[in-house]
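This report concerns only the one structure given below.
Heavy-atom basis, side chains included; hydrogens, waters and symmetry copies ignored. By convention here, the first residue in the shown sequence is residue 1. Counting convention: from 1, in listed order, for ligands and their atoms alike.
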Amino acid sequence: MQRQTKKKRRPLVFASVACLLIIVAVGLLVFSQNNFSTLGQTTADAKGNQPNIETEEIPSSIEQVKVFKETYKTSTTTYEIEYPETTDESFNETIQHFINTEKEQFLALAKDNEDVSKDDTNKFTINVTPFEYKQRFYSFTFKANTALAAKKSTEHVATFIFDNESAQLVSFEDILNNNLRYLETFNQFAFDQLSADTSLQDSLLNEKSLKKAVTYDWEHYPEVAIEDNYLIVYFQPGEVTAESQGVVTIKGDMNYLHSILAEPFQSELTEGAKTLPLVVDNRKRVALTFDDGPHKSVTEEILNILDEFDAKATFFMLGKNVQAYPEIAKEVHNRGHVIGNHTWTHPVLTKLPISEVQKEYTQTEEMIFNTIGEHTTIFRPPYGATNDDIKALIPTRSVNWSLDTLDWKHRNAQTLLSIVKSSIHNNAVILMHDIHQPTADGLRAVLQYLQSEGYEFTTVDEVLSYADFHM
Ligand code: NI
């Protein structure tokens, strides 16, 4: 199975074109041995003095990472910024971008606050501590403190986790294996830890607000770092407590969190070790999938039955059938169902040269796009036959099934129901075909049965994000 898109860490989201230009400009202006130029910071202070800027290497807690400290001083403003340097240039650029943004924000604030007395100046510090986990992941926790003269100081935290093996930034989604049930379990864990922390008693949000604050999703999540054998979760001031409490942290032993971690982040469990129980999943879901269509009459019948149950399904279509029945493919799309790519001619892909696999996929993709105006986001290899080379070639997620109704074999409406009854399980991905009349004939009874058992008809994506079996 393969991830469709790799979400980047939040700080990267802010990398606008303008910021890139700054990086390029900074890159062109490297005049000392360090990577951080003094671009934009050479503005004189109120008395016309130029700032004094120095950079020195300071001790690092891990061998493979250097840490530098840049200090800046004028009569009104100082900063001390620590930053790491790894052997990976693109990671270093990400860090430079982050540091430059922080620096510029502070200097802009300081510029507006230059009318200060001698003993009360504008100060900014960023401290960083690198941690190494499993000799593979580097975590960097940046703690920033802004103290503008005559004003209360504020702090914030930013974290980056770098995978030294893939040379990629690690997202929260990566750590939790892109699994929604793991995320819900994490949310519950965060809520429980914060609620149990007696030192926060007076400043913690009320129960309802706290619950809301820690209901994270993949777009919105806290800063995390792996420090020694702990997952440290950082909450910004005001996020889960009164602002005056400052940055708040909770931590979970990586062994204890084992049950919600993607495999690369799991550490070896000692026997009988206690691990975090997954939250109870109260909902029952199935994903209905129909392959090999569209068909000139059966597909339409199936669409009508699905509508009776307000059920959405996924149709894995063959390019040649989309070409033959474009109006039916459009109808499937217009009625809110998902269309997946199922190749052009339904070959056993593992027996084809890779160039043929590419052709099967791309031709179908173009046909579907030209017909419904959208690209597919999901792929099913015919007969479920795939391998690593094929998975690497197909840009979208490859999905097989967990319940085979064998409708192509028995072609019998009653048998369809009895197979579903005997094999149904939560988060099932059910395989059927919208090219056989008996499947349409038996579908209503199947949907009635599933509905009476409390199942919701949902998308393959949603089912997979909760499924704890492998297909
Ligand atoms: Ni098929």
Side-chain angles (χ1 to χ4, degrees), residues 1-2 286-303 306 312-326 328-329 331-333 337-352 354 356-369 371-372 375-387 389-391 393-413 415-416 419-420 423 428-443 446 459-461 463-464 470-471:
M1 200 163 295
Q2 169 179 339
V286 291
L288 307 166
T289 67
F290 297 95
D291 287 15
D292 301 356
H295 180 273
K296 60 181 187 302
S297 60
V298 179
T299 303
E300 184 86 28
E301 268 186 61
I302 285 175
L303 289 177
L306 290 172
K312 295 291 176 261
T314 305
F315 290 78
F316 289 97
M317 295 184 176
L318 296 180
K320 64 173 184 181
N321 288 345
V322 177
Q323 186 180 46
Y325 307 110
I328 297 173
E331 188 66 16
V332 171
H333 177 67
H337 304 284
V338 175
I339 292 179
N341 184 323
H342 194 43
T343 74
W344 190 271
T345 61
H346 209 274
V348 179
L349 293 179
T350 49
K351 290 184 178 162
L352 290 187
I354 202 79
E356 286 298 310
V357 175
Q358 171 88 60
K359 225 166 108 185
E360 284 279 343
Y361 176 81
T362 310
Q363 279 189 342
T364 303
E365 198 53 32
E366 280 169 9
M367 182 53 64
I368 293 174
F369 182 78
T371 306
I372 66 167
H375 282 289
T376 65
T377 57
I378 196 160
F379 175 74
R380 176 172 282 167
Y383 315 100
T386 188
N387 58 34
D389 290 342
I390 296 169
K391 282 182 185 169
L393 180 83
I394 308 294
T396 60
R397 191 172 192 170
S398 284
V399 175
N400 287 342
W401 52 86
S402 67
L403 196 170
D404 188 352
T405 62
L406 301 172
D407 61 339
W408 56 274
K409 198 158 122 189
H410 56 69
R411 313 250 181 135
N412 181 298
T415 313
L416 184 74
I419 288 182
V420 169
S423 317
V429 177
I430 303 179
L431 171 64
M432 291 175 277
H433 295 82
D434 56 330
I435 53 169
H436 304 308
Q437 186 60 44
T439 300
D441 296 342
L443 185 62
V446 167
T459 60
V460 174
D461 253 2
V463 156
L464 288 185
H470 297 280
M471 288 185 296

* Name, closest N/O/S atom of His342 to the Ni ion (ligand 1) -> NE2
* Is the distance from the Ni ion (ligand 1) to some N, O or S atom of Asp292 under 2.8 Å? -> yes
* Asked: Is there an N/O/S atom in His433 that lies less than 2.8 Å from the Ni ion (ligand 1)?
  -> no
* May I ask you to check whether over 12 heavy atoms, not counting those of Lys359, lie within 6.0 Å of atom NZ? => no
* Asked: Any side-chain heavy atom of Glu331 within less than 4.5 Å of one from Thr299?
  -> no
* To do: Could you label the plane-to-plane angle of the Phe369 and His375 rings as parallel, tilted or perpendicular, counting under 30° as parallel and over 60° as perpendicular?
  => parallel
* **Parallel, tilted or perpendicular: ring planes of His433 versus His436, cut at 30 and 60 degrees** => tilted
